[in-house]
Every structure is written in C-alpha cells, then in structure tokens.
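Order of listing sets the numbers, starting from 1, for every ligand and every atom in it.
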Amino acid sequence: MSRIAYFGPQGTFTEQAARRLASGEELIPAETIPAALAAVRSGAAGAACVPIENSVEGAVTATLDSLSEAEPLVAVAEVLLPVHFSVLTRPGTTEIRTVASHPHALAQVRHWVEANLPGAHPVATSSTAAAAVAVAEGEFDAAVTAPVAVEHYPLEVRATEVADVRDAKTRFLLVRAPGELPEPTGADRTSIVAAATNRTGALAELLTELAVRGINLTKLDARPTRNNFGEYRFFIDFEGHVAEPRIGDALAALRRRCRNVRFLGSHPRADNGTTEIEPGAANEDFTDAIDWVQSVRKGAQA
Ligand SMILES: O=C(O)C(=O)Cc1ccccc1
C-alpha cells in the first residue's frame with residue numbers, strides 16, 4: 001500500500017484534508033510543506049497532501065515555491081475544507097501572554113485575539129499542530145489549532161469556532177510524480193507555472209492566450225524567481241483539463257510564448273463549479289477548425 005505524506009504533525013488541517021483524499025493509504029506526517037513534497041520526489045511516499053490556497057489569506061507561498069522547484073510534481077485531486085479554529089491551553093493556565101500558530105491561522109483570528117486575549121503576543125510556528133506541541137511543552141501559553149488537535153495533545157479547549165471571517169475555506173492538493181492523469185470530468189482545474197520573458201506586455205500576452213480561447217482563470221499568483229531582483233514566475237489556474245482540445249491549444253500557445261512553462265496538473269474541481277464555454281470556444285469548435293485546415297491543405301476546400 002502506498003503512503004501519503006502530509007504537512008503535519010498530527011492534528012493539522014492538512015491531515016484532515018489528507019484523510020478526505022486518501023483511499024486506504026498510510027498517512028505520514030512531514031514537518032514542512034517542502035518536506036512533504038520531497039517525500040514524493042524521493043519515493044518515500046506515493047503522494048503528498050499540502051495546502052495551496054486560503055479564501056482569506058490567499059496563496060500558500062511555501063507550496064507554490066516548492067512546486068516550481070526541483071523535480072516536477074502534478075496535482076491529481078483537491079479538497080476544500082471549511083476553516084475555523086480552536087484555542088487550546090495547558091490545563092490550569094490562568095494568564096495568556098503568547099498565542100502561537102501557523103501565520104495563516106494567526107491572520108484569521110487577529111481580531112478575536114485582540115478582543116478576547118488583550119495584550120497577548122502572536123508567535124508564528126510551522127503549523128497549527130506544531131503550536132499545540134509547543135504549548136504542551138510549555139513554550140507558549142495558547143495555540144490556535146484545527147478543532148481535531150485537542151485529540152492529539154494534552155491540552156484543553158479555551159474557545160471553539162474562532163474565526164474573524166465566517167465561512168473561510170482552504171483548498172488542499174494531492175500531488176504525485178508525473179504519470180497517468182485523472183480523467184476529465186467537465187468541471188476540472190488545470191494549473192501551470194510560467195516564467196514570462198521580461199518585457200512590456202509579457203504577462204498580458206499570456207493571459208490573452210487564455211482569454212481568446214474563452215478559458216476562465218480561477219487563480220493568479222506571482223512569486224519571485226529568487227535569482228534576479230524583479231523577475232517573477234506566474235502561477236495560473238484555469239478551468240478545464242489538458243485532455244480537452246481547447247486547453248491543449250492554449251497550453252501549446254503558452255509553451256511558445258514563455259521561457260519556461262511547467263504543467264502542475266489537471267484534476268476535478270472540489271467546488272463542483274460548472275465550466276462556461278463561450279461561443280466558438282468549445283472542444284468541437286477546435287477539432288472542427290483543425291479538420292477544416294487539414295481539408296484545405298489536401299485541396300478539398302478552396
Ligand atoms: O497548520 C495547519 O494546520 C495547516 O494545515 C496549514 C493551515 C493553516 C491555517 C489554515 C489552514 C491550513
């Protein structure tokens with residue numbers, strides 16, 4: 001049986017996501033997002049589960065950076081989880097001077113902390129569950145965690161359902177080494193990372209290649225290449241599956257236009273969104289057009 005590495009330790013939101021995405025595989029915690037992805041690259045795990053995007057805080061940059069570096073990996077599935085937090089302390093804690101958690105969690109409970117734990121200092125930890133470990137060990141006073149974390153660590157619940165923004169969600173990916181792709185479903189998402197050439201209009205040209213084919217973007221992030229100041233990679237998610245002629249045509253255009261394009265996967269969307277197709281931009285329109293050009297070349301149509 002294969003193994004799924006997840007951004008741990010036990011009790012993270014990512015572990016909950018990995019449980020939803022697993023089908024009998026053993027789950028193994030990794031301390032960081034790059035470590036979870038490295039486990040797949042080394043063959044220690046068959047897949048990894050990592051957070052990619054939060055409805056309040058935006059992109060999980062550690063995931064973007066790790067996916068664009070080293071050996072290519074592709075996302076084969078995703079899950080969307082509602083995110084609200086519990087606040088945990090050691091039993092008997094009376095004074096809370098430090099509140100620890102993952103930066104994305106701290107950013108989502110800032111107002112609650114100000115109102116309910118005035119004067120408490122936020123402290124960033126590698127994950128929400130790492131904060132629970134640190135609180136259990138006496139390093140900090142309170143941890144902002146996933147509700148399930150209390151089942152793993154000797155802490156008590158101070159507050160539940162904590163969130164400054166109602167209905168916050170995080171999207172998680174299941175990532176594998178390149179291989180067989182999931183079948184298209186009609187409601188899919190494709191992800192790429194592209195290094196556009198550094199000249200006027202380069203990003204606009206990339207986006208235009210998608211727009212003129214009626215392809216709807218679902219996410220756009222820029223990350224520095226880290227090599228030259230001012231040089232960026234663009235992470236672009238859009239509706240559709242690489243197996244579709246219209247998406248294949250767009251990817252081929254991006255490949256022509258960019259210094260570098262890396263395919264990061266095509267898989268079913270977790271939000272069950274429908275894909276709107278503009279007139280003239282359906283898959284049959286693309287195949288009919290290619291067939292017509294072929295017939296022109298053969299002299300069948302003048
Ligand atoms: O630290 C965790 O539990 C994670 O899985 C990352 C995270 C942090 C905050 C919100 C959603 C996911």
Is there a side-chain contact between F7 and C49 (heavy atoms, below 4.5 Å)?
no
Can the ring centres of F13 and Y6 be said to be less than 6.0 Å apart?
no
Taking every non-hydrogen atom, the tightest pair across G240 and T190:
O-OG1, 2.6 Å
Should the pair D164-R110 be classified as a salt bridge under the 4.0 Å nitrogen-to-oxygen rule?
no
What does the list of residues with a heavy atom under 4.0 Å from ligand 1 look like, ordered by chain and number?
F7, T12, F13, T14, H102, H104, A105, S127, T128, T170
Please list all pairs meeting salt bridge (charged side-chain N to carboxylate O under 4.0 Å, His left out) that have one or both residues in residues 120-147, counting only residues at least two apart or in different chains.
R90-D141
So, D249 side chain and P245 main chain: donor-acceptor pair closer than 3.5 Å or not?
no
